[in-house]
Amino acid sequence: MGLIMEEMKRFNYLTSEIDAAYHDVALKLGLSDSAMQVLYAICNNGESCLLSDICKLSGTSKQTINSALRKLEAEDVVYLQSFNGKQKRVCLTENGKVLVKNTVVRLIEIENAIFGSWTKEDQDMYLALTQRYLASFKEKIKEL
């Protein structure tokens, strides 16, 4: 039908390729996508993170995150702590700290190197345009 603009096709292609690259990285580092998302969210926050924040940051369902957490707990990578009543905090074990150093931290270093190689203006433009796209997208999908 040709409804998608050529620029949007390119955008969708690039988004898919980025997703595929992150999937490939997870596999190369011996992690499932969901385990990578959990560990990445924790690293993004330090050595622990609220379970609700992991779901928000990853955009992954609570059920998928919980499944990954059960596996990571069984492997002695993370443990859960009660926090503020009903909330749960996901914390790295000593084994988990070693694992993220050899996996997720390496990925974050790559991302930082790439982003750091851009000019400040390019960084600001990329972030501003991405934020603008996301805000507009969220507004428009409310109309569906």
Heavy-atom closest pair, residues I141 and K138: CG1-O, 3.3 Å

Residues that, via side-chain heavy atoms closer than 4.5 angstrom, fall in one hydrophobic cluster with F115: I110, I114, W118, Y126, L127

Interatomic distance, L31 atom CG to T103 atom OG1 [nearest 0.5 angstrom]: 5.0 Å

Side-chain donor or acceptor of S34 paired with backbone N/O of I65 under 3.5 Å: no

D53 side, atom CG; S58 side, atom OG - distance, nearest 0.5 Å: 10.5 Å

Short side-chain to backbone donor-acceptor contact, N84 and Q87, under 3.5 Å: no

Polar side-chain atom of R132 near backbone of A128 as donor-acceptor pair, under 3.5 Å: no

Minimum side-chain heavy-atom gap T60-C55 below 4.5 Å: no

CG on N44 to CD on Q37, rounded to 0.5 Å: 12.5 Å

Interatomic distance, L80 atom CG to R70 atom CZ [nearest 0.5 angstrom]: 10.5 Å

Side chain to side chain contact (heavy atoms under 4.5 Å, CB included) between D33 and L27, worked out: CA-CA 8 Å; D33 291 339; L27 292 179; 5.6 Å; no

Charged N-O contact under 4.0 Å between R10 and E6: no

Electrostatic pair E94:K97 at N-O distance under 4.0 angstrom: yes

Any Q123 side-chain heavy atom under 4.5 Å of T119 side chain: no

Test log, rule side chain to side chain donor-acceptor pair (under 3.5 Å), inputs S67 and T64: CA-CA 5 Å; S67 177; T64 299; over 6 Å; no

Rounded distance [0.5 Å steps], CG in L51 versus NZ in K86: 14.0 Å

Closest contact, heavy atoms only, I42 versus S48: CG2-N, 3.7 Å

Stepwise side chain to side chain contact (heavy atoms under 4.5 Å, CB included) check, M125 with D122: CA-CA 5 Å; M125 182 182 356; D122 284 348; 4.0 Å; yes

Within-4.5 Å side-chain heavy-atom neighbours: E47 and C91: no

Verdict with reasoning, K142 to E139, per salt bridge (Lys or Arg N to Asp or Glu O under 4.0 Å): CA-CA 5 Å; K142 287 179 185 175; E139 272 304 307; 3.1 Å; yes

Test item: L50 and K88 side chains (from C-beta on) under 4.5 Å apart, heavy atoms: no

Side chain to side chain, L92 and L39, heavy atoms closer than 4.5 Å: yes

ring-ring contact (aromatic ring centres under 6.0 Å, His included): pairs with one or both residues in residues 20-40, sequence neighbours excluded: none

Ion pair K120/D124, N-O distance below 4.0 Å: yes

Nearest-0.5 Å distance, CG of residue N12 to OG1 of residue T15: 6.0 Å

Linked, directly or transitively: L57 and V105 (ILVMFWY side chains, under 4.5 Å): no

Criterion side chain to side chain contact (heavy atoms under 4.5 Å, CB included) on E73 and V77, from CA distance to verdict: CA-CA 6 Å; E73 279 183 297; V77 173; over 6 Å; no

